[in-house]
Number of protein chains: 2
Amino acid sequence: MHKLDRTDTRLLLALTEDPRSTIVALAEKLGLSRNTVQARMSALDASNVLHPFDRRINPVALGYPLTAFISVHLQQQQLGTIVEKLSDIPEIVQAHGLSGTSDLLVRVVCTDADDLFRITGLILECEGVERAETSLAMGELIPFRAKPLLEREQNA
Amino acid sequence: MHKLDRTDTRLLLALTEDPRSTIVALAEKLGLSRNTVQARMSALDASNVLHPFDRRINPVALGYPLTAFISVHLQQQQLGTIVEKLSDIPEIVQAHGLSGTSDLLVRVVCTDADDLFRITGLILECEGVERAETSLAMGELIPFRAKPLLEREQNA
DNA sequence: CGGGGGTTGCACATTCTGCTCTATCCAGCG
DNA sequence: CGCTGGATAGAGCAGAATGTGCAACCCCCG
């Protein structure tokens with residue numbers, strides 16, 4: 001993974017403040033030449049520093065106002081096939097493998113409580129899934145953010 | 001919240017496939033006029049359909065290879081002040097209020113195990129926090145995605 | 001029938017982009 | 001010490017994209 005230097009983080013910060021700003025605007029803002037910014041941007045695009053655009057889409061706008069986290073306990077030998085099956089469920093928007101008391105943390109979005117019930121059912125149907133504990137998300141109290149990390153990098 | 005129609009979702013899909021494509025390119029791809037795309041994009045920007053650019057930044061590239069989820073139990077009356085304090089910790093990149101057995105699901109990034117230990121310490125220090133259960137993320141088995149939801153919208 | 005919203009086509013001046021070439025600066029190395 | 005590679009800056013150019021304004025159109029709804 002391409003390690004970022006101070007210029008890169010400044011670039012990312014500027015982008016965070018205005019995601020649609022042009023290269024020249026960025027260059028001016030950061031006191032760099034247009035060429036430099038362009039080179040950095042290409043490098044960022046090419047590397048895997050940036051997640052796909054998906055991440056910026058708010059599922060609420062897509063008609064899925066409810067978010068839930070489901071802790072899944074499973075037979076670990078089956079992890080691979082289970083993840084494959086879960087991938088087929090569109091409402092599952094993310095899943096992390098975990099160490100600790102549960103094996104999988106699944107994030108789902110849904111239209112309402114009935115929908116959530118249906119989806120947990122789908123998860124429980126998978127062979128190898130032993131238990132699933134659902135927690136409804138009551139709000140994103142701290143929205144995802146990388147800004148504080150970027151700013152710390154600045155001052156370092 | 002602005003409800004998205006089929007044109008919007010097609011636009012978002014196209015953007016997901018190429019986040020840096022220009023307005024004209026999008027227009028051509030979708031068979032729409034440049035004006036239309038431009039209008040839609042402005043609307044999307046103005047509404048809260050899109051999360052900030054932050055979300056696309058991979059903390060690994062920033063030097064935080066470890067991710068952990070921490071389930072926090074707390075005195076609910078103190079929720080507000082606790083969230084405020086947690087906001088001051090840069091490594092906390094996200095937090096959701098939960099219904100269910102725990103009150104708060106906190107997502108942290110860190111450089112190594114010691115760093116994680118330090119951060120859990122910071123969380124436990126907050127007044128009103130009763131318990132914190134840490135689970136290390138072993139991998140993002142299903143990376144965040146909105147694409148399946150968008151595609152479903154297409155065919156609906 | 002008369003809007004209003006969304007869409008379209010067109011045109012204009014301005015700005016941005018991608019690309020190339022050159023030159024400078026600096027750190028690392030033989 | 002001199003060389004080399006990498007990052008940066010400056011300039012220039014043709015082509016493309018952008019922002020903007022405007023008139024027209026279609027279609028659904030009241």
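Below, chain A is the first sequence line, B the second, and so on; all start at residue 1. All figures in this text were calculated on a predicted structure; none of them were measured in a lab.
- The nearest whole Å value for the distance from the CD1 atom in I23(A) to the P atom in dT18(D) is 13 Å.
- With hydrogens and angles left out, the side chain of R34(A) and the base of dG18(C) share a donor-acceptor pair within 3.5 Å.
- D5(B) has its CG atom 15 Å from the C1' atom of dC28(D), to the nearest Å.
- E28(B) has its CD atom 12 Å from the P atom of dT18(D), to the nearest Å.
- Distance CZ (R20(A)) to C1' (dA17(D)): 12 Å, rounded to an integer number of Å.
- Of the candidates dA7(D), dC10(C), dT17(C), the closest approach to any side-chain atom of R40(A) belongs to dA7(D).
- For Q38(A), a side-chain nitrogen or oxygen approaches OP1 or OP2 of dG18(C) to under 4.0 Å.
- Protein atom CZ of R6(B) is 16 Å distant from nucleotide atom C1' of dG6(C), rounded to whole Å.
- Rounded to an integer number of Å, the gap from CG of D8(B) to C1' of dG5(C) is 14 Å.
- Listed here is the closest heavy atom pair of S21(A) and L15(A): OG-CD2, 4.5 Å.
- Distance L26(B) CG to dA17(D) P: 11 Å, rounded to the nearest Å.
- For the salt bridge (Lys or Arg N to Asp or Glu O under 4.0 Å) test, residues two or more places apart in sequence or in another chain that qualify with D115(A) are R118(A).
- Of the listed nucleotides (dT7(C), dG10(D), dT8(D)), dT8(D) has the atom at the smallest distance from the side chain of T36(A).
- Here the shortest heavy-atom pairing between R145(B) and I89(A) reads NH2-O, 2.8 Å.
- Taking 4.0 angstrom as the limit, S33(A) places none of its side-chain polar atoms (N or O) nearer than this to OP1 or OP2 of dG10(D).
- Remark on DNA chain D: of its neighbouring residues S21(B) and L32(A), the 5'-side contact belongs to L32(A), judged by nearest-heavy-atom nucleotide.
- The distance between atom CG of L11(A) and atom P of dA7(D), rounded to the nearest whole Å, is 15 Å.
- Among dT20(D), dT7(C), dC16(C), the nucleotide with an atom closest to any side-chain atom of V24(A) is dC16(C).
- Ion pairing between a basic and an acidic side chain is recognised when a charged N comes within 4.0 Å of a carboxylate O; E17(B) and K29(B) show such pairing.
- Taking the six-membered ring for Trp and the full ring otherwise, the centers of H51(B) and F144(A) sit at least 6.0 Å from each other.
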